[in-house]
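All values below were derived from every heavy atom in this structure, side-chain atoms included, with hydrogens, water molecules and symmetry-related copies excluded.
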Amino acid sequence: MRVVIVFWFLCFPLLSVAAESATQIVDKSDRQMQGESSYSVATMRIVRPDWTRSMTMKSWTKGRDYALVLVTAPAKDKGSASLKRFREMWNWVPAIDRVIKIAPSMLSQSWMGSDFTHDDLINQSSIVVDYRHKLVTQELFDGEMTYVIDAIAKPDSPVVWSRIRLWISTQTYLQRKVEFFDEFEALINTMKTFDIRKMGGRMVASRMEMYPADKPGYKTEFITHEAQFDFAVEDNFFSLSQMKSLRD
């Protein structure tokens, strides 16, 4: 009898997930991290073996269709902005007074010289709609139990990554670790999150770190200082004219 009870106890965590599918977990994680709308103030720190560069930014999102990021420092990058509306994305470069449309082939390119891509920072919710999801296991990360889920790109989806492995907290539903794989199943980048704290009425991972797999000594830190969620914002805030005129 004791053996049966111990076996049931060990299996219970995975059995309890049966009522919540992998797709539901990923969807819940996305909603937890962004809410119906969001605003944040953050610093991005790009670390290289022989130099370090920092920039500050503000960002806004609404649902899964709209996102806007404004760079506020340093002076040479101030006013640069990125916009997402549904499937379309643009960059505004005030130094050359030009709006650049981001083609699908450009989504994998570095955002502002960092280890994050355009897709990572501007098109995050693609993980919900453009991928199939499979629960792999549960394991500890940073002392916290997580669901380990593989997100596999749907055929013909306009995405950068062929497969993404996510470690999602069973308690907060925040992404604690993410691995990004190309079409050849090679690991390209790994992201980890730390310093979980309450901001804007919900739990937030206030520090993210992105590491490219083939570049020792390279990483990009993304530190959130302030966050707000679930406030009213009009769709037309996320427009080309707003992107060009937005000021710190």
Trp90 side chain reached by Arg85 side chain, heavy atoms, under 4.5 Å: yes

Side-chain heavy atoms of Tyr147 within contact of Val26, under 4.5 Å: no

Parallel, tilted or perpendicular, as decided by the 30° and 60° cut-offs, for the rings of Phe86 and Tyr66: perpendicular

Derivation and outcome, side-chain contact (heavy atoms from CB on, under 4.5 Å), residues Met210 and Ser114: CA-CA 9 Å; Met210 184 73 83; Ser114 73; over 6 Å; no

Joint cluster assignment, Trp60 & Val41, ILVMFWY side-chain distance < 4.5 Å: yes

Distance (rounded to the nearest 0.5 Å) between Ser29 OG and Leu174 CG: 6.5 Å

Greater than 12 external heavy atoms within 6.0 Å of Glu183's CD: yes

From Arg165, Lys134, Arg132, residue fulfilling salt bridge (Lys or Arg N to Asp or Glu O under 4.0 Å) relative to Asp150: Arg165

Side chain to side chain donor-acceptor pair (under 3.5 Å) between Ser241 and Ser239, worked out: CA-CA 5 Å; Ser241 60; Ser239 65; 3.2 Å; yes

Distance in Å, Met44 CE paired with Thr56 OG1, rounded so as to fall on 0.5 Å steps: 10.0 Å

Expected output: side-chain Ser37 to main-chain Phe231 donor-acceptor under 3.5 Å: yes

Ring center gap for Phe180 and Trp161 short of 6.0 angstrom: yes

Glu36 CD to Gln34 CD distance, which is reported to the nearest 0.5 Å: 10.5 Å

Minimum side-chain heavy-atom gap Lys101-Val99 below 4.5 Å: no

Side-chain heavy-atom pair Val148, Phe141 within 4.5 angstrom cut-off: no

N/O donor-acceptor pair under 3.5 Å between Ser157 side chain and Val159 backbone: no

Considering all heavy atoms, the nearest Pro94-Gly79 contact: CG-C, 3.7 Å

For the student: nearest non-hydrogen atoms of Pro74 and Ser54, plus distance: CD-O, 3.6 Å

Gap separating the CZ atom of Arg163 from the CG atom of Asp182, nearest 0.5 angstrom: 10.5 Å

Flag, side chain of Ser80 to backbone of Asp77, donor-acceptor distance under 3.5 Å: yes

Main-chain N/O of Arg48 paired to Lys215 side chain as donor or acceptor, under 3.5 Å: no

Point-to-point distance, once rounded to the nearest 0.5 Å, from CE of Met33 to OH of Tyr173: 13.0 Å

Test applied, side-chain contact (heavy atoms from CB on, under 4.5 Å); reference residue, Phe194; option that passes from Glu221, Met208, Glu209: Glu209

side-chain contact (heavy atoms from CB on, under 4.5 Å) between Thr146 and Lys177, intermediate numbers included: CA-CA 9 Å; Thr146 63; Lys177 179 180 175 181; over 6 Å; no

Test item: Lys62 and Phe237 side chains (from C-beta on) under 4.5 Å apart, heavy atoms: no

Heavy atoms from other residues, nucleotides or ligands near CG of Asp156 exceed 12 (cutoff 6.0 Å): no

Side chain to side chain donor-acceptor pair (under 3.5 Å) between Ser108 and Thr117, worked out: CA-CA 5 Å; Ser108 61; Thr117 67; over 6 Å; no

Shared hydrophobic cluster for Tyr39 and Leu83 (ILVMFWY, side-chain gaps under 4.5 Å): yes

Any side-chain heavy-atom pair of His133 and Leu166 under 4.5 Å: no

Note, Trp167 side chain near Gln175 side chain (heavy atom, < 4.5 Å): no

Pairwise distance OG1(Thr170) to CD(Glu139) - rounded to 0.5 angstrom: 12.0 Å

Under the ring pair (Phe, Tyr, Trp, His ring centres under 6.0 Å) test, residues paired with Phe181 that sit two or more places apart: none

CA sep, side-chain torsions, deciding dist, call: Arg45, Ile223, side-chain contact (heavy atoms from CB on, under 4.5 Å): CA-CA 8 Å; Arg45 184 168 171 262; Ile223 302 168; 5.7 Å; no

Under-4.0 Å salt bridge between Asp115 and Lys219: no

Salt bridge flag under 4.0 Å for residues Arg202 and Asp230: yes

